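Quick notes on the structure that follows.
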Amino acid sequence: MLRSLVGSEMCIRDRFQALLPDCAGPHRLLSQCRERVALAGSGHCCPQVQCLTGCLAHQRQVSNKILTQCGGGGTQSHEQLQRRYTECCAQQLAPGENERERQVRCLEPLKGFLECAHAAAAAR
């Protein structure tokens, strides 16, 4: 069961991250600039830092928008939803319930959040 929980949590995190702006390009450009500056012994990477900073700020804005629209019930982050899922799966089985049924029951709030998050991200 632990393996399926870890896999589910990774899938949930990855699905949420996929909804956010991708900052891999600005990260890569900054790394390349830092390498060039290190080899040259002088220079700066201010434009690359500004680009990455702007991308990360946009990521936070989109994440906050999603959490505002979809994180009902006092949820502050998708990480809290993941924790709730893990805690739910660690609880004793309900009478007549098997492990798979419990996992499906525990996943329902996350699935709803991800559906809402997908719609909110598409509207940006």
Side-chain angles (χ1 to χ4, degrees):
M1 183 168 142
L2 180 59
R3 187 179 312 131
S4 66
L5 291 179
V6 172
S8 295
E9 288 180 31
M10 288 173 52
C11 179
I12 293 159
R13 183 198 64 224
D14 293 346
R15 285 182 62 190
F16 183 81
Q17 290 297 323
L19 298 174
L20 302 177
D22 183 8
C23 294
H27 271 289
R28 188 173 43 259
L29 291 174
L30 180 57
S31 293
Q32 291 169 350
C33 179
R34 286 179 174 164
E35 288 176 20
R36 283 193 307 273
V37 168
L39 287 173
S42 66
H44 64 82
C45 299
C46 289
Q48 292 82 358
V49 169
Q50 289 173 337
C51 180
L52 178 58
T53 301
C55 186
L56 293 173
H58 186 56
Q59 262 188 354
R60 279 189 303 280
Q61 287 175 333
V62 172
S63 179
N64 288 339
K65 177 183 175 186
I66 289 171
L67 291 171
T68 298
Q69 291 181 6
C70 307
T75 301
Q76 299 297 312
S77 69
H78 66 286
E79 288 91 356
Q80 284 182 322
L81 280 167
Q82 285 180 246
R83 267 193 304 281
R84 283 189 197 167
Y85 168 75
T86 303
E87 290 167 1
C88 179
C89 286
Q91 294 172 358
Q92 289 186 339
L93 294 172
E97 182 179 53
N98 65 37
E99 285 192 34
R100 179 71 182 140
E101 291 168 334
R102 175 180 52 194
Q103 190 173 13
V104 169
R105 175 178 49 82
C106 294
L107 261 176
E108 283 307 311
L110 286 169
K111 289 168 78 175
F113 172 79
L114 289 172
E115 288 170 7
C116 177
H118 185 69
R124 60 182 158 122

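Computed from a predicted structure; not experimentally measured.
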Once you round to the nearest 0.5 Å, how far does [atom1] of [X] lie from [atom2] of [Y]?
{"X": "Phe113", "Y": "His118", "atom1": "CZ", "atom2": "NE2", "value": "13.5 Å"}
{"X": "Gln92", "Y": "Glu97", "atom1": "CD", "atom2": "CD", "value": "11.5 Å"}
{"X": "Cys33", "Y": "Arg28", "atom1": "SG", "atom2": "CZ", "value": "14.5 Å"}
{"X": "Cys89", "Y": "Arg102", "atom1": "SG", "atom2": "CZ", "value": "6.0 Å"}
{"X": "His27", "Y": "Cys51", "atom1": "NE2", "atom2": "SG", "value": "10.5 Å"}
{"X": "Gln48", "Y": "Gln50", "atom1": "CD", "atom2": "CD", "value": "9.0 Å"}

Ile66 to Ala120 - nearest heavy-atom pair and separation: CG1-CB, 4.1 Å

Where His44 and Val37 come nearest, the two heavy atoms and their spacing: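 Closest approach of His44 to Val37: N-CG2, 3.8 Å.
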
Steps toward side chain to side chain contact (heavy atoms under 4.5 Å, CB included) verdict (Arg83, Thr86): CA-CA 5 Å; Arg83 267 193 304 281; Thr86 303; 5.6 Å; no

Close side-chain approach of Thr68 and Lys65, heavy atoms under 4.5 Å: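 No, their side chains stay 4.5 Å or more apart.
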
Residues Glu108 and Lys111 bridged, charged N to O under 4.0 Å: yes

Under 3.5 Å: donor-acceptor pair, side chain of Glu87, backbone of Arg84: no

Identified side-chain contact (heavy atoms from CB on, under 4.5 Å) counterpart of Pro26 within the set Thr53, Val49, Leu56, Leu52: Leu52

